[in-house]
Trainee: 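Structure provided below as structure tokens; questions to follow.
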Amino acid sequence: MHTTHLPSSIFRKISSYIQDNYGIQLPPEKKTMVEGRIRKRMKDTGIQDFTDYFRFAFSKAEEKKERIQLVNAITTNKTHFFRESAHFDFLKSHLSNHGGTPSVWSAGCSTGEEVYTLAIILSELSKQRSIIDFAITGTDLSTRVLDKAANGVYPEADIAKLPLSLKQKYFLKSKDRKNKTVKLAPALRKKLRFKKLNFMDSYYGFTAPFDIIFCRNVLIYFDKTTQTKVLDKLAMNLAKGGILILGHSESMPILNPALVQLKPTIYQKNLN
Ligand SMILES: C[S@@+](CC[C@H](N)C(=O)[O-])C[C@H]1O[C@@H](n2cnc3c(N)ncnc32)[C@H](O)[C@@H]1O
């Protein structure tokens with residue numbers, strides 16, 4: 001017999017798996033959301049029964065295939081260009097006399113809008129000679145969003161509110177005008193790299209610390225112990241004097257001893 005709703009036992013197994021491996025909390029009130037996301041995977045795989053789907057996704061053979069698709073489907077990837085724009089205004093003034101080549105990490109970059117917004121801001125700063133050059137790394141756990149981010153193609157409507165001058169400078173319109181998309185200009189894309197990274201990993205594998213880390217709207221999915229552990233690792237990957245920016249509704253459960261709070265959601269690493 002086919003089950004019509006996600007059985008609670010399977011929901012509990014999947015939510016434990018997601019929390020243990022990716023830190024994302026899925027309390028019982030998220031069951032309907034999870035069910036909807038699993039249904040999409042069931043449609044794509046042609047499996048009609050939740051129990052059959054669970055067995056399939058958690059079989060050894062599917063560990064690197066359907067299991068990854070399931071994790072991709074369960075992550076929440078909401079983002080947009082110039083989201084929480086006060087952070088970009090802060091960055092502009094913070095880097096106004098920098099004179100070097102800041103390295104920036106968009107940690108939990110989702111589909112890339114945050115990375116490209118940073119690239120536009122930093123490119124403008126280099127034109128004004130506030131900085132010489134820049135490099136941005138975008139990371140996420142979801143391979144689906146990383147592919148989209150690396151591709152850099154967005155519906156034209158997504159940049160509707162941007163000033164015309166920025167649109168003209170940094171975006172190329174698709175030739176096919178029936179399918180209205182824009183692509184980020186190649187000169188901008190050259191300075192970016194995207195990489196899969198799970199915040200739960202014990203070692204993030206970067207060879208040099210970053211001057212700026214944006215980790216916005218990611219910690220909200222974790223419990224306080226996980227938040228503190230991830231913040232310790234972010235602080236370790238921040239250069240002395242570097243800046244860490246969290247999302248507008250996020251704060252640190254315990255202020256990391258290496259960091260000083262400059263403003264709500266904005267922190268600086270000690271110089272010593
Ligand atoms: C809501 S989006 C935030 C995007 C962007 N930073 C912003 O503020 O607009 C959160 C992202 O965090 C990623 N994420 C969640 N848990 C993660 C983990 N354990 N490791 C890496 N990325 C994770 C999700 O895949 C998702 O794309």
Side-chain angles (χ1 to χ4, degrees), residues 14-27 30 33-34 37 40-41 67-91 104-121 136-152 154 158-159 161-162 184 192-206 210 212-234 236-237 243-251 264-267:
I14 292 181
S15 53
S16 306
Y17 172 79
I18 296 285
Q19 176 148 17
D20 294 348
N21 290 282
Y22 303 104
I24 301 168
Q25 299 183 93
L26 294 171
K30 295 268 170 89
M33 180 204 88
V34 170
R37 293 178 181 184
K40 279 203 195 106
R41 292 309 313 149
R67 193 98 57 85
I68 292 177
Q69 299 303 327
L70 173 65
V71 173
N72 286 348
I74 283 180
T75 57
T76 296
N77 312 113
K78 187 186 169 308
T79 185
H80 56 83
F81 287 99
F82 285 86
R83 183 179 192 182
E84 298 172 32
S85 61
H87 288 154
F88 300 104
D89 294 337
F90 170 85
L91 195 63
V104 183
W105 176 18
S106 167
C109 67
S110 185
T111 39
E113 288 85 337
E114 184 175 88
V115 174
Y116 291 109
T117 305
L118 285 164
I120 291 171
I121 297 289
I136 308 175
T137 301
T139 66
D140 204 282
L141 138 80
S142 160
T143 52
R144 185 182 59 83
V145 296
L146 281 175
D147 287 347
K148 204 175 164 210
N151 202 22
Y154 299 93
D158 289 5
I159 60 159
K161 290 197 184 124
L162 265 61
L184 271 293
L192 319 177
R193 67 173 178 149
F194 293 97
K195 165 177 142 90
K196 184 175 175 184
L197 184 148
N198 179 359
F199 290 120
M200 297 307 113
D201 291 348
S202 47
Y203 176 62
Y204 291 168
F206 295 117
F210 293 94
I212 314 279
I213 301 178
F214 272 57
C215 184
R216 306 186 308 162
N217 307 301
V218 172
L219 295 175
I220 35 164
Y221 299 105
F222 304 156
D223 66 22
K224 288 195 185 332
T225 311
T226 309
Q227 289 178 354
T228 304
K229 285 188 189 153
V230 171
L231 284 161
D232 286 349
K233 287 181 266 182
L234 294 179
M236 268 186 318
N237 282 285
I243 297 289
L244 169 65
I245 301 190
L246 306 181
H248 70 286
S249 62
E250 295 167 320
S251 59
T265 73
I266 304 183
Y267 302 84

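For ligands, and for the atoms within them, numbers begin at 1 and follow the listed sequence. This chain uses plain numbering: 1 for the first residue, then up along the sequence.
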Trainee: Give yes or no for whether the N/O distance cutoff of 3.5 Å, strictly under, is met between His80 and ligand 1.
Mentor: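 For ligand 1, there is no N or O atom that lies under 3.5 Å from one belonging to His80.
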Trainee: Spell out, as yes or no, whether a donor-acceptor pair under 3.5 Å connects the side chain of Gln19 to the backbone of Leu26.
Mentor: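 No, because the side chain of Gln19 does not come within donor-acceptor range (under 3.5 Å) of the backbone of Leu26.
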Trainee: Apply the side chain to side chain donor-acceptor pair (under 3.5 Å) test between Arg144 and each candidate in Thr111, Asn77, Thr75, Asn72; give the one that qualifies.
Mentor: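 Among the candidates, only Asn77 passes.
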Trainee: Would you please classify the geometry between the Phe88 ring and the Phe214 ring as parallel, tilted or perpendicular, with 30° and 60° separating the classes?
Mentor: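 If you compare the ring of Phe214 with that of Phe88, the planes turn out parallel.
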Trainee: Taking 4.0 angstrom as the limit and counting only heavy atoms of Ile24, give me the atoms of ligand 1 inside it, by number and element.
Mentor: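 Going through ligand 1 atom by atom, the ones under 4.0 Å from Ile24 are 15 (C), 16 (N).
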Trainee: Does ligand 1 have any atom sitting under 4.0 Å from a heavy atom of Phe214?
Mentor: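 False for this residue.
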Trainee: Against heavy atoms of Asn217, which atoms of ligand 1 measure under 4.0 Å?
Mentor: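 Taking each heavy atom of Asn217 in turn, ligand 1 has 1 (C), 2 (S), 3 (C), 7 (C), 8 (O), 10 (C) under 4.0 Å.
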Trainee: Tell me the nearest of Thr139, Leu141, Leu197 to atom 14 (N) of ligand 1, using heavy-atom distances.
Mentor: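 Looking at heavy atoms only, Leu141 sits closest to atom 14 (N) of ligand 1.
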Trainee: Nearest non-hydrogen atom to atom 5 (C) of ligand 1 belongs to which of Ser110, Gly108, Ser106?
Mentor: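 It is Gly108 whose heavy atom sits nearest to atom 5 (C) of ligand 1.
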Trainee: Which of these, Glu114, Arg216, Glu113, sits in a side chain to side chain donor-acceptor pair (under 3.5 Å) with Ser106?
Mentor: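 Result for side chain to side chain donor-acceptor pair (under 3.5 Å) with Ser106: Glu114.
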Trainee: Just jot down the ligand 1 atoms closer than 4.0 angstrom to any heavy atom of Glu114, in number order.
Mentor: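 Answer, ordered by atom number: 5 (C), 6 (N), 7 (C), 8 (O).
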Trainee: Considering residues at least two apart in sequence or located in another chain, which fulfil the side chain to side chain donor-acceptor pair (under 3.5 Å) criterion with Asn21?
Mentor: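 Partners of Asn21 by the side chain to side chain donor-acceptor pair (under 3.5 Å) criterion come out as none, since no residue qualifies.
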Trainee: For atom 24 (C) of ligand 1, what's the nearest protein heavy-atom neighbour? Residue, atom name and distance, please.
Mentor: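 Sorting protein heavy atoms by distance from atom 24 (C) of ligand 1 puts Asp140 OD1, 3.5 Å first.
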Trainee: Looking only at heavy atoms, what is the nearest atom pair of Thr79 and Ser110, with distance?
Mentor: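 Reported closest heavy-atom pair: CG2-OG, 3.7 Å.
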Trainee: Hey, are Asp140 and Ser142 close enough side-chain-wise for a donor-acceptor pair under 3.5 Å?
Mentor: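 Checked: Ser142/Asp140 side chains show no N/O donor-acceptor pair below 3.5 Å.
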Trainee: Atoms of ligand 1 less than 4.0 Å from Tyr221 heavy atoms?
Mentor: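 The list of qualifying atoms is 1 (C).
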Trainee: Report the nearest protein non-hydrogen atom to atom 9 (O) of ligand 1: residue, atom name, distance rounded to 0.1 Å.
Mentor: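 The protein heavy atom lying closest is Thr79 OG1, 2.6 Å.
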Trainee: Nearest heavy atom to atom 20 (N) of ligand 1: which of Phe199, Phe82, Phe81 does it belong to?
Mentor: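 The residue whose heavy atom sits nearest atom 20 (N) of ligand 1 is Phe199.
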Trainee: Could you list the atoms of ligand 1 found under 4.0 angstrom from a heavy atom of Asn198?
Mentor: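 Atoms satisfying the 4.0 Å criterion: 18 (C), 19 (N), 20 (N).
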Trainee: Going by the rule side chain to side chain donor-acceptor pair (under 3.5 Å), which residues pair with Arg83 if we only count those two or more places apart in sequence or in a different chain?
Mentor: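 Testing Arg83 for side chain to side chain donor-acceptor pair (under 3.5 Å), a comparison that skips the adjacent residues, returns none.
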Trainee: Note the single closest protein heavy atom to atom 7 (C) of ligand 1, along with its residue, its atom name and the distance in Å.
Mentor: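 The answer is Arg83 NH1, 3.2 Å.
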Trainee: How about Lys229: does its NZ atom have over 12 heavy atoms from other parts shown lying under 6.0 Å from it?
Mentor: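 Atom NZ in Lys229 is not crowded, with 12 or fewer foreign heavy atoms closer than 6.0 Å.
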Trainee: Look at atom 19 (N) of ligand 1 and say which protein heavy atom is nearest, naming residue and atom and giving the distance to 0.1 Å.
Mentor: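 Checking every protein heavy atom, the shortest distance to atom 19 (N) of ligand 1 gives Tyr22 O, 2.8 Å.
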Trainee: Is Arg216 touching ligand 1 with its side chain, its backbone, both, or neither, if touching means heavy atoms under 4.0 Å apart?
Mentor: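 Both the backbone and the side chain of Arg216 come within reach of ligand 1.
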Trainee: Please list the nearest protein heavy atom to atom 12 (O) of ligand 1 with its residue and the distance rounded to 0.1 Å.
Mentor: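 Answer, as residue, atom name and distance: Val218 CG2, 3.6 Å.
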Trainee: Measure the spacing between CD1 of Ile136 and CZ of Phe194 and express it to the nearest 0.5 Å.
Mentor: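 Answer for the CD1-CZ pair, Ile136 versus Phe194, is 8.5 Å.
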